[in-house]
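Reading through the structure tokens given below for one structure.
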Amino acid sequence: MPRANEEVEALLREYADLLAITGGDAFKARAYEKAARAVAGHHDDLSKLDLKQLRAIPGVGRSIADKIAEYFERGSVAVVEEARARIPAGVRELIEIPTLGPKKAMLLYRDLGISSIEQLVDAIHDERLRELKGFGPKTEENILHGVELLRQSGGRVLIDVAMELAEEIVARLSSVDGCVRCTYAGSLRRFRETIGDVDILAAAADSAPLMAAFRELAVVAEVIASGEKKTSIRTGRGLQVDLRVVPPESWGAALQYFTGSQAHNIRTREIAVRAKLKLSEYGLFDVETGELIVSRTEEEVYQRLGLPWIPPPLREDRGEIEAALRGELPELVREQDLRGDLHTHTDLTDGIAPLEEMLDAAAARGYAYYAITDHAPNLFMQRMSDEKMLAQRERVRALDRRSGMRLLHGTELNIDPDGGVDWPAQFLAGFDLCVASVHSAFTQSRADTTRRLVRACENPHVNILGHLTGRQIGHRAPVDADFDEVFRACARTGTALEVNSFPDRLDVRDEHILHAKRYGVKFAIDSDAHSTRDLAQIRYGVGTAQRGWLTPDDVINTWPLTRLKKFLRKPSARDA
DNA sequence: GCCGTTTTCGGCCCGACTGTTTTCAGTCG
């Protein structure tokens with residue numbers, strides 16, 4: 001996302017929060033929230049748009065467009081400044097506490113002058129909340145508990161952590177008597193890169209046995225709430241899991257609803273409202289008669305709204321509704337479309353499995369081709385040498401066609417701070433393909449990083465840019481670069497962009513994919529496996545690619561080997 | 001504050017659960 005868009009999104013969100021805290025028109029606050037979402041998802045750099053173009057963004061009207069323009073002109077917005085002056089920043093912090101919303105936050109500030117989490121905790125211990133209307137002993141307890149949670153966790157977990165937990169729970173609940181169907185929904189089904197909580201959906205005539213089994217799962221550390229239709233628990237490591245049980249005939253409507261995203265659901269419900277229908281998790285109803293129209297399958301629900309079924313990774317209100325209405329939804333790349341993996345390691349460098357084991361595991365996945373790309377010498381700790389690499393090439397050549405798989409001998413090069421890579425051109429020419437990645441100097445200036453990445457693209461032997469931004473979710477920030485410039489270079493030079501499937505990387509991420517695709521960039525979905533187990537993580541790369549609207553044609557490792565080999569001979573290398 | 005193939009006014013997604021009430025407001029997703 002362009003930095004300007006990010007700033008405006010944050011500003012609009014802050015103003016929406018401040019409006020909610022001060023009360024008044026709730027719809028006004030919602031309008032700002034909606035505009036914030038629209039701005040975050042907008043592909044153009046907001047700072048380069050005029051008033052008319054700003055107003056063309058759905059959810060941005062005259063007033064908000066003026067405020068955005070004011071922000072770029074003066075660096076601030078007068079009404080937001082005024083709101084900030086009325087409500088201390090600490091009050092806004094209060095609504096980060098689970099169970100504490102804008103109304104309670106305002107009451108705490110207005111009646112007790114509380115404007116920080118610390119003051120709130122002190123006030124509870126001094127029993128000063130007891131005098132407030134609507135605050136009982138249970139509320140105090142919930143607030144203290146919420147503060148504790150806020151302190152000990154950033155909240156979200158990596159997708160593989162959530163997926164493993166969800167699959168375990170689904171398997172357990174599916175075996176409960178009377179369970180007709182069970183699956184995970186929510187952001188996990190949409191393959192978001194991190195997961196705030198896990199949503200499990202089950203269908204059964206009687207919910208009680210499922211709720212009981214759920215509360216008794218070994219992973220449960222705390223039951224947050226439990227009713228007939230919904231139970232929420234928290235696991236030992238602090239992850240919240242919600243179970244919703246619906247009647248079997250409501251399955252489709254419920255799955256659609258609980259898959260989200262919220263923004264997508266708002267759009268589908270608006271379509272329903274315009275057609276004099278009402279969409280809820282129980283079905284699509286006629287508003288006037290209250291009669292149920294459809295609810296059994298997601299396909300029926302979408303169809304009755306005049307839409308084809310929309311794959312969950314697209315459901316972010318990023319244009320999928322419009323594309324669906326036009327009949328132009330992409331045929332998304334699927335895991336079974338992948339014919340090979342183009343970035344993998346062995347124990348010759350930092351992998352943990354020998355070449356043969358990696359090959360056996362890859363062949364078991366049904367791949368037609370497979371690239372071995374161990375690290376190059378400039379990653380000094382890996383102790384790579386020309387001799388080792390050439391010896392590995394001999395072994396790879398000897399093992400070619402084993403289990404029917406064609407092998408490609410490659411390497412993962414290190415892009416140095418100037419954009420150069422490990423070996424001279426002559427040595428590089430001996431590889432079937434080269435991935436090139438940033439492994440050092442992550443904090444260069446934007447201009448230097450941009451030049452560095454573009455130079456790597458211009459190298460005739462670099463076929464794939466590996467984990468472009470170098471980010472490690474929750475640990476290391478992405479490098480700063482003019483990515484538009486880099487994407488243009490990728491497209492121009494025939495360099496593919498990697499979608500690295502490691503759950504803490506997922507790099508490039510969905511937003512970069514959407515952006516790069518507009519320039520005609522091609523992609524490689526790679527596991528970057530360092531063990532046989534890692535090969536299966538490619539599912540997360542596929543999910544990320546789907547979130548970026550990629551089709552098989554966009555992804556070079558879905559192509560037949562002959563087409564792939566042609567792509568791997570860059571135009572600049574052919575001339576040389 | 002935004003928006004329009006019923007609308008430039010009058011709507012705005014909708015339901016579950018909790019806690020504090022005694023019929024409902026607040027929070028959440």
Side-chain angles (χ1 to χ4, degrees), chain A residues 12 15-16 19-21 23-39 54-68 79 94-108 129-130 132-143 145-146 155 185-187 190 195-201 207 211 223-233 240-246 250 253-254 256-285 287-288 305-306 317:
Chain A
L12 295 176
Y15 193 49
L19 286 170
I21 291 168
D25 187 0
F27 291 111
K28 190 166 156 182
R30 190 182 289 178
Y32 277 95
E33 269 171 36
K34 195 173 172 181
R37 270 202 312 273
V39 161
L54 286 171
R55 288 189 60 186
I57 302 171
V60 177
R62 181 184 301 278
S63 173
I64 292 180
D66 285 346
K67 288 184 180 70
I68 295 173
V79 289
L94 297 180
I95 67 176
E96 297 296 319
I97 302 170
T99 73
L100 212 167
K103 295 289 183 293
K104 286 200 175 95
M106 187 56 187
L107 209 63
L108 288 167
L129 263 56
R130 301 279 167 87
L132 290 183
K133 188 165 182 266
F135 285 75
K138 195 68 192 166
T139 304
E140 289 183 348
E141 199 180 304
N142 287 341
I143 290 173
H145 188 53
S187 53
R190 302 198 314 277
I195 307 296
D197 54 42
V198 174
D199 293 300
I200 308 285
L201 181 67
S207 70
M211 294 303 185
V223 177
I224 300 166
S226 189
E228 188 191 340
K229 295 177 172 154
K230 175 184 173 182
T231 293
S232 299
I233 61 102
Q240 182 174 330
V241 186
D242 294 340
L243 170 66
R244 298 286 300 233
V245 182
V246 298
S250 301
Q256 197 279 331
Y257 178 82
F258 291 115
T259 296
S261 67
Q262 196 183 19
H264 177 86
N265 284 357
I266 288 173
R267 294 296 306 278
T268 51
R269 285 182 177 217
E270 282 170 357
I271 291 172
V273 168
R274 277 203 290 281
K276 291 200 164 248
L277 303 170
K278 186 188 71 166
L279 180 59
S280 78
E281 56 264 54
Y282 297 110
L284 190 61
F285 298 89
V287 168
E288 290 196 350
L305 293 175
D317 192 20

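Just so it is clear: chains get the letters A, B, ... in the order the sequence lines come, proteins before strands, and each one is counted from 1. Atoms considered below: every heavy atom in the structure, side chains included; atoms not considered: hydrogens, waters and symmetry mates.
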Once you round it to whole Å, what is the distance between [atom2] of [N] and [atom1] of [X]?
X: A:Arg30; N: B:dG1; atom1: CZ; atom2: C1'; answer: 12 Å
X: A:Ile143; N: B:dT18; atom1: CD1; atom2: P; answer: 17 Å
X: A:Arg55; N: B:dG1; atom1: CZ; atom2: P; answer: 13 Å
X: A:Lys133; N: B:dC24; atom1: NZ; atom2: P; answer: 13 Å
X: A:Ile224; N: B:dT18; atom1: CD1; atom2: C1'; answer: 13 Å
X: A:Asp25; N: B:dG11; atom1: CG; atom2: P; answer: 13 Å

Which is true for [X] with a 4.0 Å heavy-atom rule: it touches a base, it touches only sugar-phosphate, or it touches nothing?
X: A:Arg62; answer: sugar-phosphate
X: A:Lys34; answer: nothing
X: A:Ser226; answer: sugar-phosphate
X: A:Glu140; answer: nothing

May I ask which nucleotide in the shown strands pairs with B:dA16, Watson-Crick or G-U wobble, both distances under 3.5 Å?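 Paired with B:dT27.
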Please measure how far the [atom1] atom in [N] lies from the corresponding atom in [M], and state the result in whole Å.
N: B:dG4; M: B:dT8; atom1: C1'; result: 8 Å
N: B:dT6; M: B:dG10; atom1: C1'; result: 13 Å
N: B:dC12; M: B:dT7; atom1: C1'; result: 13 Å
N: B:dG26; M: B:dT21; atom1: P; result: 13 Å
N: B:dC28; M: B:dC13; atom1: C1'; result: 14 Å

Within the structure provided, determine whether A:Leu94 and A:Ile21 are in side-chain contact (heavy-atom separation under 4.5 Å).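 In short, these two side chains do not touch, never coming nearer than 4.5 Å.
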Are side-chain heavy atoms of A:Leu279 and A:Thr268 found at a separation under 4.5 Å? yes
Among the candidates [options], find the nucleotide nearest to the side-chain atoms of [X].
X: A:Arg244; options: B:dC14, B:dG1, B:dA16; result: B:dA16
X: A:Ala225; options: B:dT18, B:dC14, B:dG1; result: B:dT18
X: A:Lys229; options: B:dG1, B:dG19, B:dC17; result: B:dC17
X: A:Ala31; options: B:dC2, B:dC17, B:dT20; result: B:dC2

Would A:Ile64 and A:Leu12 count as a side chain to side chain contact (heavy atoms under 4.5 Å, CB included) if you check the C-alpha gap in whole Å, the side-chain angles of each, and the deciding distance to 0.1 Å? CA-CA 9 Å; A:Ile64 292 180; A:Leu12 295 176; 4.1 Å; yes
If you pin A:Ile57 and A:Leu279 to their nearest nucleotides in DNA chain B, which one's is more 5'? A:Ile57
Pick the nucleotide of DNA chain B nearest each of A:Pro137 and A:Arg274; which residue has the one closer to the 5' end? A:Arg274
Test applied, side-chain contact (heavy atoms from CB on, under 4.5 Å); reference residue, A:His264; option that passes from A:Arg269, A:Arg190, A:Gln256: A:Gln256
Since syn is defined as within 90° of 0, does B:dT7 count as syn or as anti?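 B:dT7: syn.
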Ignoring hydrogens and angles, does a donor from either the side chain of A:Lys276 or the base of B:dT6 sit under 3.5 Å from an acceptor on the other? yes
Tell me whether the side-chain N/O atoms of A:Asn142 come closer than 4.0 Å to OP1 or OP2 in B:dT18. no
Would you say A:Tyr282 places a side-chain N or O within less than 4.0 Å of OP1 or OP2 belonging to B:dC13? no
Below 3.5 Å is the cut-off: list the nitrogen or oxygen pairs between protein and nucleotides 25-29 of chain B, distance only.
from: B:dT27; atom 1: OP1; to: A:Gly101; atom 2: N; distance (Å): 2.6
from: B:dT27; atom 1: OP1; to: A:Gly101; atom 2: O; distance (Å): 3.0
from: B:dT27; atom 1: OP1; to: A:Lys104; atom 2: N; distance (Å): 3.0
from: B:dT27; atom 1: OP2; to: A:Lys103; atom 2: N; distance (Å): 3.1
from: B:dT27; atom 1: O5'; to: A:Gly101; atom 2: N; distance (Å): 3.3
from: B:dC28; atom 1: OP1; to: A:Thr99; atom 2: N; distance (Å): 2.4
from: B:dG29; atom 1: N2; to: A:Tyr257; atom 2: OH; distance (Å): 2.6

Checking the side chain of A:Ser207 only, and the main-chain atoms of A:Glu228 only, is there a donor and an acceptor separated by less than 3.5 Å?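 The answer is yes, because a donor-acceptor pair under 3.5 Å joins these two groups.
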A:Arg244 side-chain N/O to A:Asp199 backbone N/O, donor-acceptor pair under 3.5 Å: no
Suppose we screen for ring pair (Phe, Tyr, Trp, His ring centres under 6.0 Å). Which residues come up paired with A:Tyr257, at least two apart in sequence or across chains? none
Pair A:Glu141 + A:Lys138: basic N to acidic O under 4.0 Å: yes
